[in-house]
Amino acid sequence: MKSEHFVERHAGRSASQLESASTRKKVVNRLLEDDLIRRVSYDQYRQEIRQVYAGTRGAILAVCSLLSLHVPLGERLFRERRFDLRGRRNILDVGSGAGQLVQHVLKYADPEARITCFDLSHQMLLRARQRLRSTRPRFLAADLSRLPFPDASFDCVTCGYVLEHLPDARLGLAELSRVMMPGAPMLVLTTEDTFSGACTSRVWRCRTYNRRELAEACREVGLQWHKELWFSPIHKLLRAGGICVEMVKRG
Ligand SMILES: C[S@@+](CC[C@H](N)C(=O)[O-])C[C@H]1O[C@@H](n2cnc3c(N)ncnc32)[C@H](O)[C@@H]1O
């Protein structure tokens, strides 16, 4: 069905025409994308990002996530068990921000599960604490590229829109793979190299990822690209909402 639709839409266009249209699209997206992360050192970039989230953008992050429907649609992934938290005992939430994903983790994880939240920004940790009003999660400041946890500490990870703040996904994925137990699942949401992703990157000063390259990076660090997820059928049709994937730590 999908391939019929594709053939119909592109009837009369040769393979090389399609290829050059896709290259043009990539070039436009790349030109539009914020380039801070490519221009400065990672240390300088981190300082800039801390300021971005400490300021007004961090203060309105929770509202933005509601308006973009990321919070309600994200909840469906947990409620419908498309990302299943049942039986998980030690859950890590990466770059918790205002607690947008961890609020679902609190709701759908088993009552006895331990939940750890970390973020680069102290200000965001404070905001998450105030919003969640729960004493259950452990909050700590840390950088995804240097995690303060022993190997194989967590049997589940959630990582929403954080990888795009790294110059190379492998910096964070390798650390996450190290702290995950064999067989542990990880939900990853990240900005894609599409037109809407490039626009998002300008607001949050982040980069975007190419789906195929991210899958390759994931394999390189011992994670399996297990299952691609979509917020809704419309998101899938329009390839909107960024990359949403379940990765699993290889046994
Ligand atoms: C867009 S918010 C994501 C919030 C939430 N996880 C979600 O799903 O909406 C990105 C968060 O990642 C944090 N962050 C950025 N770079 C980070 C890093 N290297 N290590 C840890 N957290 C980081 C930011 O401070 C910010 O709070």
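Both ligands and their constituent atoms are indexed starting at 1 by order of listing. Just so it is clear, the structure is predicted and the values come from calculations on it, not from any experiment.
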Counting non-hydrogen protein atoms only, what is the nearest one to [atom]? Give residue, atom name and distance.
{"atom": "atom 1 (C) of ligand 1", "value": "Y53 OH, 3.3 Å"}
{"atom": "atom 10 (C) of ligand 1", "value": "Y161 O, 3.4 Å"}
{"atom": "atom 24 (C) of ligand 1", "value": "D119 OD1, 3.4 Å"}
{"atom": "atom 20 (N) of ligand 1", "value": "L144 N, 2.9 Å"}

Review point. Can a non-hydrogen atom of H70 be found less than 4.0 Å from any atom of ligand 1?
Key: yes

Point to revise | Residue-ligand contact W204/ligand 1, heavy atom below 4.0 Å | key: no

Exercise for review: Please report the closest heavy-atom contact between C159 and L176, naming both atoms and the distance.
Suggested key: SG-CD1, 4.5 Å

Study note, to complete from the structure: Heavy-atom closest pair (A113 atom, I91 atom, distance to 0.1 Å) is CB-CD1, 4.2 Å

Salt bridge flag under 4.0 Å for residues [X] and [Y]:
{"X": "R46", "Y": "D43", "result": "yes"}
{"X": "R202", "Y": "E33", "result": "no"}
{"X": "R89", "Y": "D155", "result": "no"}
{"X": "E75", "Y": "K107", "result": "yes"}
{"X": "E175", "Y": "R146", "result": "no"}
{"X": "D151", "Y": "R178", "result": "yes"}

Per-atom contacts of ligand 1 with [X], taking only distances under 4.0 Å to non-hydrogen atoms:
{"X": "G97", "value": "4 (C), 27 (O)"}
{"X": "D143", "value": "18 (C), 19 (N), 20 (N)"}
{"X": "Y42", "value": "19 (N)"}
{"X": "H165", "value": "15 (C), 16 (N)"}
{"X": "F118", "value": "21 (C)"}
{"X": "G95", "value": "3 (C), 4 (C), 5 (C), 6 (N), 11 (C), 12 (O), 22 (N)"}

I'd like to check whether [X] has a polar contact with ligand 1, where a contact means an N/O of the residue lying under 3.5 Å from an N/O of the ligand.
{"X": "M124", "result": "no"}
{"X": "Q100", "result": "yes"}
{"X": "V162", "result": "no"}

Practice item. Please say whether more than 12 non-hydrogen atoms of neighbouring residues, nucleotides or ligands are located less than 6.0 Å from CD1 in I234. Key: no

Looking only at heavy atoms, is any part of [X] under 4.0 Å from ligand 1, and if so is it the side chain, the backbone, or both, or is it neither?
{"X": "S96", "value": "backbone"}
{"X": "Y45", "value": "neither"}
{"X": "A142", "value": "backbone"}

Review point. Does A98 offer a backbone N or O that forms a donor-acceptor pair with the side chain of Q100 under 3.5 Å?
Key: yes

Exercise for review: Please determine, by modelled atom types, if S121 and R50 share a side-chain donor-acceptor pair under 3.5 angstrom.
Suggested key: no

Point to revise | Selected option - heavy-atom contact closest to atom 17 (C) of ligand 1, from T200, L171, L120, D93 | key: L120

Exercise for review: Kindly assign one of parallel, tilted or perpendicular to the pair H70 and F231, based on the angle between their ring planes and the thresholds 30° and 60°.
Suggested key: tilted

